[in-house]
Amino acid sequence: MTARRLAVVTGAGRGLGAALVSSLAARDWDVVACVRTEPSAAAPHPRVTPILQDVRDPVGPALLAAVLDRPLDALINNAGIGAPGVPLASCDPRSVLDAVDVNVAGPLRLAQALLPSLTCAPAPLIVNVSSRLGSVSAQAGARSPAGAPATRTASRRPPRTC
């Protein structure tokens with residue numbers, strides 16, 4: 001019997017993250033859904049394990065236990081925030097640093113902590129989801145094509161260690 005594929009999805013509490021979790025579970029994946037607030041009392045899909053994990057925090061034991069020693073086929077870094085668009089004179093550096101922590105350091109924390117499980121999968125994938133807020137040209141006021149979707153980047157396969 002072939003083991004089900006396993007994915008970890010951050011920002012899984014609502015929006016695109018919740019939709020990704022539902023879609024993967026419907027396609028017979030086991031999914032660890034990382035959320036910032038306590039999961040609802042509603043019974044999740046039987047293939048979904050909700051975990052309380054803010055990407056600003058070190059990866060917790062609950063997430064590591066949910067992945068355990070299984071190969072991790074996909075890490076989908078969907079959690080993200082924007083910094084407020086304010087004039088330079090009134091920009092609070094803490095809000096910018098918070099956005100960098102969530103959008104840059106968060107995916108790095110997850111990838112580093114889950115690397116042993118990623119390297120055990122036959123074709124692991126790290127997907128970093130970004131919105132137009134991640135576009136330098138969009139932030140500078142340039143127009144992008146109408147309805148441009150979120151961008152995704154996939155990392156190269158890390159060396160296998162198992």
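Quick caveat, the model's predicted, so the values are computed rather than measured. All residue numbers refer to positions in the sequence shown, counting from 1.
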Legend entry - Criterion side chain to side chain contact (heavy atoms under 4.5 Å, CB included) on Val129 and Asn77, from CA distance to verdict: CA-CA 6 Å; Val129 179; Asn77 292 305; over 6 Å; no
Inset, instruction - Return the minimal non-hydrogen interatomic distance between Asp73 and Ala121, and the atom names on each side. - result: OD1-CB, 3.7 Å
Legend entry - Partner of Gln112 by side-chain contact (heavy atoms from CB on, under 4.5 Å), out of Leu110, Leu115, Leu108: Leu108
Inset, instruction - Starting at CG of Leu20, measure out to CD1 of Ile76 and round the result to the nearest 0.5 Å. - result: 5.0 Å
Inset, instruction - Start with the C-alpha gap between Leu64 and Leu114, add the side-chain angles, then the distance that decides, and say whether side chain to side chain contact (heavy atoms under 4.5 Å, CB included) holds. - result: CA-CA 8 Å; Leu64 296 175; Leu114 299 174; 4.2 Å; yes
Inset, instruction - List the atom of Val21, the atom of Ala33, and the distance in Å for their closest heavy-atom pair. - result: CG2-CB, 3.9 Å
Inset, instruction - Could you tell me the separation between the OG1 atom of Thr37 and the CG atom of Leu52, rounded to the nearest 0.5 Å? - result: 7.5 Å
Legend entry - Val55 with Val35, same ILVMFWY side-chain cluster at under 4.5 Å: no
Legend entry - CZ-CZ distance between Arg36 and Arg14, expressed to the nearest 0.5 angstrom: 7.0 Å
Legend entry - Salt-bridge contact Arg47-Asp28 (side-chain N to carboxylate O under 4.0 Å): yes
Legend entry - Closest non-hydrogen atom pair, Cys91 against Val96: SG-CG2, 3.7 Å
Inset, instruction - Looking only at non-hydrogen atoms, find the nearest pair between Ala7 and Leu24 and report the distance. - result: CB-CD1, 3.9 Å
Inset, instruction - Identify whether the distance between the nearest side-chain nitrogen and carboxylate oxygen of Arg94 and Asp101 falls below 4.0 Å. - result: no
Inset, instruction - Would you sort out whether Cys120 and Leu72 count as a side chain to side chain contact (heavy atoms under 4.5 Å, CB included), showing the intermediate values? - result: CA-CA 7 Å; Cys120 289; Leu72 178 59; over 6 Å; no
Legend entry - Distance, nearest 0.5 Å, that separates CG of Asp57 from CG of Leu63: 12.0 Å
Legend entry - Rounded distance [0.5 Å steps], CZ in Arg27 versus OG in Ser22: 10.5 Å
Inset, instruction - First locate atom CG of Leu118, then atom CG of Leu6, and finally report the distance between them rounded to the nearest 0.5 Å. - result: 9.5 Å
Inset, instruction - Could you tell me whether a side-chain N or O of Asn78 sits under 3.5 Å from a main-chain N or O of Gly11, the two making a donor and an acceptor? - result: yes
Inset, instruction - Provide the closest heavy-atom pair for Trp29 versus Arg5 in the form atom of the first, atom of the second, distance. - result: NE1-NH2, 3.0 Å
Inset, instruction - Output yes when Arg56 and Asp98 qualify as a salt bridge under the 4.0 Å nitrogen-oxygen rule, no when they do not. - result: yes
Inset, instruction - Run the numbers on Cys34 and Val8 for side chain to side chain contact (heavy atoms under 4.5 Å, CB included), then give the verdict. - result: CA-CA 7 Å; Cys34 297; Val8 170; 3.8 Å; yes
Legend entry - Donor-acceptor contact present, side-chain Ser117 to main-chain Arg70, <3.5 Å: yes
Inset, instruction - Can you see which heavy atom on Ala79 is nearest to which on Thr10, and at what distance? - result: N-OG1, 3.0 Å
